[in-house]
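Below, chain A is the first sequence line, B the second, and so on; all start at residue 1.
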Amino acid sequence: MSEPFEAWIPPQRQSCPSDLQLDQLQLQELSDALRPGVEKHLEGCGFCAERWRLRAEGAAAFPALQLDQVIDQLHAQTDVRPISSAPKKRRVIVGAIGAAAASLLAALILWPSPPPRIMTKGAMKLRVYKEVQGVGQEILSGAPLRRGDRIRFEITPAPRDSAHPQVMIVSLEPPQKLSVFYPSSGQHSELPAQKSGALPGSIELDDYLGEEWLYLIACDRPFALTALNAKTLRAPPQGCLTDRFLLNKVRSP
Amino acid sequence: MDTYIAMGYVPGSNLGRASRVKHEHASAMAHRYGPMIYRRALVLLGNPDDAQDAVQEVLLRALRGEAGFEKRAQISTWLYSITTHYCLNLIRNRSRQAQLRAQHLPPEAALKPGTEALLTVRALLQQAELQEAKAVTYVYLDGMPRAEAAELMGVSVRTIGNLLHSFQTWAREKLQELDRSTEGSEP
């Protein structure tokens with residue numbers, strides 16, 4: 001492995017258009033300045049002709065890609081309309097979450113309430129907030145988190161609006177290891193009757209690094225932890241909804 | 001289409017129509033850009049399930065108008081960049097290198113460099129700094145000219161060179177460590 005790192009690039013590709021350029025050509029988004037050169041290259045390069053053929057096939061080139069599944073999830077997860085981006089900084093005392101999640105520590109902290117939202121019917125969304133200088137800031141799925149970060153969950157729509165009040169938040173590690181993040185009892189729980197969908201309790205992240213998918217399961221009736229597995233989390237049974245969030249724990253600088 | 005993505009959601013009281021428009025827009029985005037995102041993610045992650053998850057996450061971010069989408073930028077450029085960022089974060093935080101090595105490789109042989117090199121790069125990207133990892137991905141994995149990588153990352157060509165140099169120095173040490181541990185474990 002002592003050869004120059006440039007050797008990692010196959011020789012035939014060193015003068016070829018990049019993947020992005022070919023994608024943009026196929027999508028008709030390649031700039032006018034670059035398009036003639038790329039088109040001319042394609043005429044004389046067998047390697048790139050094959051790359052082009054795969055692009056021309058679109059999704060058909062990838063039998064494993066389930067676009068319908070992706071679209072269903074997108075529909076479910078985009079049925080949210082935020083009406084305010086400015087969180088109210090009302091501080092509330094939250095309770096301690098138990099030791100149900102083996103890799104987490106429970107903690108009592110002060111936390112502001114999340115912003116109010118309006119939901120359309122049929123979607124349940126798991127939102128995650130990180131404490132930053134005493135204020136809860138919503139983080140995106142996959143955003144880096146570090147040891148010691150305190151996080152809190154919110155489920156929207158607010159419980160009083162929900163037709164799926166029985167909830168649980170779990171993580172799933174391959175192949176089938178489930179850890180319960182909420183509630184601390186380890187069983188499904190009816191959402192507290194409150195205006196906000198913020199769940200009581202915050203969690204302090206421990207030393208474990210890597211990514212971990214969190215799943216929200218919300219059902220219209222009680223359910224058992226034993227009923228959950230990778231399949232039911234991805235395709236919930238009738239009467240249940242799921243949402244997920246990538247907990248991405250990175251090394252502290 | 002651009003305007004819609006930049007705004008995120010359509011405001012207005014006619015929620016039924018807005019929802020329908022959103023659904024149609026999401027479907028159109030998935031059909032148009034899904035294969036590109038999937039291809040990109042498959043090369044980096046090497047696992048069809050992870051690549052499909054990447055398609056969903058990246059499109060979701062796009063539909064919500066997140067992560068600093070600029071109206072002037074081409075959508076494909078932005079999605080490509082977000083996909084790379086998403087995949088690298090996933091790779092870099094995987095705790096078990098062996099898991100990576102055991103994963104399936106993309107079926108499109110023409111799309112990837114040599115298997116050994118790809119696995120080595122992925123293993124190194126797990127621990128590399130994010131900016132360095134991006135530069136390495138664009139230049140060494142994608143075969144992208146440094147100028148194009150610089151434009152995509154919003155930095156100068158010189159910075160790309162610095163990032164690659166820094167990565168090379170670090171990676172050589174890592175690979176030497178790996179070689180030594182491999183030799184030590186042989187009977």
Side-chain angles (χ1 to χ4, degrees), chain A residues 1-2 4-10 13-14 16 18-21 23-24 26-27 29-31 47 50-51 54-55 57-71 73-75 77-83 120 140-144 174 208-211 213 246 248-251, chain B residues 9 15 18-19 22-23 26-27 29-36 38-40 42-43 48 51-52 55-57 59-61 63-64 66-67 74-77 80 86 89-90 92-95 108 110-111 113-114 117 120-121 136 139-145 148 152 164 168 171-172 175 179:
Chain A
M1 300 303 293
S2 57
F5 287 74
E6 276 74 6
W8 284 349
I9 309 171
R13 292 197 58 178
Q14 292 182 9
C16 296
S18 66
D19 283 337
L20 177 58
Q21 286 177 348
D23 284 325
Q24 290 183 328
Q26 194 261 329
L27 293 164
E29 292 185 14
L30 189 62
S31 70
F47 176 69
E50 175 63 13
R51 295 168 70 202
L54 288 171
R55 280 162 177 79
E57 284 183 15
F62 305 107
L65 171 59
Q66 304 293 318
L67 263 187
D68 289 346
Q69 219 173 70
V70 170
I71 291 168
Q73 285 293 321
L74 289 176
H75 289 173
Q77 295 193 38
T78 53
D79 276 344
V80 184
R81 293 205 313 154
I83 58 172
T120 56
L140 300 178
S141 177
Y208 178 82
L209 295 179
E211 83 276 10
W213 282 103
L246 181 62
N248 178 19
K249 293 177 61 183
V250 302
R251 190 177 294 110
Chain B
Y9 298 106
L15 191 60
S19 290
K22 267 192 298 186
H23 283 199
S27 301
M29 286 282 288
H31 284 292
R32 180 169 171 81
Y33 296 105
M36 179 190 84
Y38 185 79
R39 180 185 301 108
R40 175 72 181 145
L42 195 56
V43 169
Q52 172 144 333
V55 174
Q56 188 177 313
E57 284 296 318
L59 286 175
L60 196 58
R61 292 177 192 191
L63 291 165
R64 287 178 174 162
E66 291 172 356
Q74 285 165 317
I75 299 173
S76 52
T77 305
Y80 197 83
Y86 172 87
N89 267 331
L90 215 56
R92 291 165 68 250
N93 294 305
R94 280 185 166 146
S95 55
E108 297 75 30
L111 294 176
T120 305
V121 175
V136 166
V139 175
Y140 294 147
L141 270 185
D142 297 345
M144 196 177 273
E148 190 182 351
L152 201 57
L164 293 177
Q168 286 172 1
R172 282 200 180 93
L175 290 172
D179 286 344

Notebook entry, point to check: Closest heavy-atom contact between A/Ile71 and B/Ala30?
Noted result: CG1-CB, 3.5 Å

Item checked: Selection from A/Val70, A/Asp68, A/Leu20, A/Leu246 maximising heavy-atom pairs under 4.5 Å formed with chain B -> A/Leu20

Note to self: Can a donor-acceptor pair be found, under 3.5 Å and without considering hydrogens, that links the side chain of A/Gln24 to the backbone of B/Ser76?
What the structure shows: no

Item checked: Segment of B/Glu148 engaging chain A (4.5 angstrom heavy-atom cut-off) -> side chain

Notebook entry, point to check: Which heavy atom of A/Ala64 sits nearest a heavy atom of B/Pro48, and at what distance?
Noted result: CB-CB, 3.9 Å

Next item on the list: Considering non-hydrogen atoms only, spot the tightest contact between A/Leu27 and B/Arg32 and give its length.
Entry: O-NH2, 2.6 Å

Item checked: Derivation of the side-chain contact (heavy atoms from CB on, under 4.5 Å) call for A/Leu65 and B/Leu42 -> CA-CA 10 Å; A/Leu65 171 59; B/Leu42 195 56; over 6 Å; no

Notebook entry, point to check: Looking at CE of B/Met36 and CG of A/Asp19, how far apart are the two atoms once the value is rounded to the nearest 0.5 Å?
Noted result: 10.5 Å

Item checked: NZ/NE/NH1/NH2 to OD/OE distance under 4.0 Å, B/Arg39 and A/Asp23 -> yes

Next item on the list: Let me know if A/Gln21 has heavy atoms under 4.5 Å from chain B in its side chain, its backbone, both or neither.
Entry: both

Next item on the list: Tell me, for B/Gln56 versus chain A, whether the close heavy atoms (under 4.5 Å) come from the side chain, the backbone, both or neither.
Entry: both

Notebook entry, point to check: Where is the tightest heavy-atom contact between B/His31 and A/Leu67, given as atom of each residue plus distance?
Noted result: ND1-CD1, 3.7 Å

Check: Heavy-atom distance under 4.5 Å to chain B: side chain of A/Glu57, backbone, both or neither?
Finding: neither

Notebook entry, point to check: Which heavy atom in A/Leu74 sits nearest to a heavy atom in B/Leu60, and how many Å separate them?
Noted result: CD2-N, 3.7 Å

